[in-house]
Number of protein chains: 2
Amino acid sequence: MEKDKTVSNTTIRRLTKYYRYIEELNSKNVKIVSSYTLGKMMGISPSLIRQDFNAIGEFGRQGHGYQLDTLKQEIGNFLGLNKVHNMIVIGAGNLGQTLANYDGFDKVGFPIKALFDINPKLIGMKINGVEIIDLDNLKSFIKNNNIDIGILCVRKHCVQEMTDILVDAGIKGIWNFSATDINVPDDVKVENVNFSNSLFTLSYLMNDKYNLA
Amino acid sequence: MEKDKTVSNTTIRRLTKYYRYIEELNSKNVKIVSSYTLGKMMGISPSLIRQDFNAIGEFGRQGHGYQLDTLKQEIGNFLGLNKVHNMIVIGAGNLGQTLANYDGFDKVGFPIKALFDINPKLIGMKINGVEIIDLDNLKSFIKNNNIDIGILCVRKHCVQEMTDILVDAGIKGIWNFSATDINVPDDVKVENVNFSNSLFTLSYLMNDKYNLA
DNA sequence: TAGATTGTTAATCGATTAACAATC
DNA sequence: TAGATTGTTAATCGATTAACAATC
């Protein structure tokens with residue numbers, strides 16, 4: 001509703017990180033933090049932290065710092081963490097099952113409501129209380145269970161096909177763990193977790209050539 | 001050996017992505033590609049692609065484009081993908097086992113040689129042919145098996161402890177899947193895969209406020 | 001040769017840092 | 001009040017885009 005100036009992608013990524021550190025400090029019963037202290041903890045310049053916070057609001061107290069509960073609330077609101085996002089997993093293989101077994105997402109308001117697969121041997125099984133359902137029932141399940149996010153954990157050769165099914169079923173966001181990029185219409189949002197990109201980046205960093213003085 | 005001007009982090013990430021697309025084109029028996037075509041496929045401007053390629057060498061052919069096999073080799077070399085990187089997994093829980101079950105890393109020269117855990121029930125088991133070993137044997141295993149990369153898949157409360165053990169054992173790179181950031185000396189390289197950061201970014205993108213016209 | 005596309009420089013755009021007045 | 005730290009503007013730095021001469 002308010003007129004927001006656009007916030008850059010780099011700032012968004014840092015905001016998600018601030019949020020983690022804020023929760024950490026919260027659990028240690030810290031009540032207030034300065035941009036200097038937070039910057040020291042996170043390896044980010046105090047100046048940049050203030051720029052980031054001011055990009056989404058104005059909630060510091062001059063001469064004191066930032067109240068952690070306000071900070072958490074403001075960043076959480078901005079990132080959309082104030083509401084529940086129901087998720088489903090497409091592909092009940094190793095990775096899909098691992099994600100279903102992890103309770104951390106549920107705890108922060110991102111519960112996994114079902115896994116979908118085409119393998120008849122898997123259908124009907126429960127993983128950590130979450131049922132594996134036949135892919136044929138995807139569309140109605142999404143509608144009836146208020147599903148926002150589809151987690152893609154399928155093999156390369158059927159990634160786009162599964163994406164199209166999700167889009168057709170009205171999904172709003174796709175968390176893509178598969179090895180390929182996907183094409184979606186503009187109103188569907190995609191976040192990729194690409195293991196290969198990540199591993200190859202690590203490889204580069206470890207490269208001797210790079211590490212010359 | 002050559003004097004390399006530093007290549008920016010954004011360029012590195014894109015290079016890993018080019019590499020994926022090049023392999024894809026390779027498998028379709030394409031032999032040559034122009035920055036224009038590749039840019040169209042990847043949603044990156046041709047100009048930026050040429051800048052990226054020229055940051056690591058000079059291997060296009062004016063009027064024609066880039067030979068895919070040269071391109072693959074040059075980028076691969078630059079990223080350090082020309083040699084085998086032996087890996088181990090710390091923490092043989094769900095995620096650790098899932099990674100061990102995935103053969104894709106092995107195929108590109110990043111084999112997982114062992115999993116480590118402290119749970120006696122797990123020790124001795126094999127996952128996809130990879131043994132789960134007692135953490136006590138970590139140091140000697142790293143030395144004797146030429147291990148480069150440690151994959152961290154442990155719970156928050158022992159992440160830093162495990163990191164210190166890895167560092168002490170002489171690991172060169174850490175692929176960190178745990179929920180917290182870690183501290184390492186400068187000569188140890190870290191690449192984080194933080195699910196929470198990624199999920200929260202997706203949450204932001206799906207946020208209505210952001211999607212106002 | 002003519003056409004296409006690179007390699008590279010210059011121009012623009014955006015993100016980070018520095019600095020400091022405002023103020024708690 | 002004095003000290004501390006924010007909010008914000010200006011300066012710097014870096015990354016992307018545009019343009020075009022070089023050349024295959």
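As the structure is a computational prediction, the values presented were derived from the model and not from experiment. Reminder, nothing fancy here: chain letters follow the sequence lines and each chain counts from 1.
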- Within a radius of less than 6.0 Å around NZ of Lys83(A), do more than 12 heavy atoms belonging to other residues, nucleotides or ligands occur? yes

- Message: OP1 or OP2 of dT6(D) versus the side-chain N and O atoms of Ser35(A): is any pair under 4.0 Å?
- Response: yes

- What is the ring orientation for His85(A) with Phe110(A), classed by angle as parallel under 30°, tilted 30 to 60°, or perpendicular over 60°? parallel

- Please work out which of the three classes, parallel, tilted or perpendicular, describes the rings of Phe53(A) and Tyr18(A), given edges at 30° and 60°. perpendicular

- Query: Whole-Å distance between dG14(C) P and Leu48(B) CG?
  - Reply: 14 Å

- Item | dA15(D) base / Thr10(B) side chain donor-acceptor hit below 3.5 Å | no

- Message: Distance check needed: dT17(D) P versus Asp52(B) CG, whole Å only.
- Response: 10 Å

- Which of dA22(C), dT16(C), dC24(D) is nearest the side chain of Gln62(A)? It is dA22(C)

- OP1 or OP2 of dT16(C) sitting under 4.0 Å from any side-chain N/O of Arg14(A)? yes

- Task: Show the numbers, then the answer: is there a ring pair (Phe, Tyr, Trp, His ring centres under 6.0 Å) between Tyr102(B) and Phe195(A)?
- Result: CA-CA 11 Å; Tyr102(B) 181 63; Phe195(A) 290 163; 7.3 Å; no

- Query: How close or far is atom P of dC24(C) from atom CD of Gln67(A), stated in whole angstroms?
  - Reply: 15 Å

- Interatomic distance where CD1 belongs to Ile44(B) and P belongs to dT16(D) [whole Å]: 9 Å

- Task: Select one nucleotide: of dT8(C), dT8(D), dT5(C), the one nearest the side-chain heavy atoms of Glu58(A).
- Result: dT8(D)

- Contacts of His64(A) and Ser47(A) projected onto DNA chain C by closest heavy atom; the upstream (5') one is Ser47(A)

- Rounded to whole angstroms, how far apart are CG on Asn9(A) and P on dA15(C)? 9 Å

- Gln51(B) near the nucleic acid: base, sugar-phosphate alone, or nothing, with a heavy-atom cut-off under 4.0 Å? base

- Message: Tell me which nucleotide, if any, is Watson-Crick or G-U wobble paired with dA22(D) when both distances must be under 3.5 Å.
- Response: dT5(C)

- Message: Can you tell me if Tyr66(B) touches the phosphate of dC24(D), counting only side-chain N or O atoms and a distance under 4.0 Å to OP1 or OP2?
- Response: no

- When rounded to whole Å, the CZ to C1' distance for the pair Phe53(A) and dT8(D) reads 16 Å

- Phe200(A) pairs by ring pair (Phe, Tyr, Trp, His ring centres under 6.0 Å) with which of Trp175(B), Phe78(B), Tyr19(B)? Tyr19(B)

- Task: Could you tell me whether Ser8(B) contacts a base, only the sugar-phosphate backbone, or nothing, with contacts defined as non-hydrogen atoms closer than 4.0 Å?
- Result: sugar-phosphate

- side-chain N/O Ser45(B) vs dT17(D) OP1/OP2, d < 4.0 Å: yes

- Item | Distance, rounded to the nearest Å, where Arg50(B) contributes CZ and dA4(C) contributes C1' | 11 Å

- Note on the structure: As its Watson-Crick or G-U partner within any shown strand, both distances under 3.5 Å, dA10(C) has dT17(D)

- Message: Please report the distance, rounded to the nearest Å, between NZ in Lys40(A) and P in dT5(D).
- Response: 12 Å

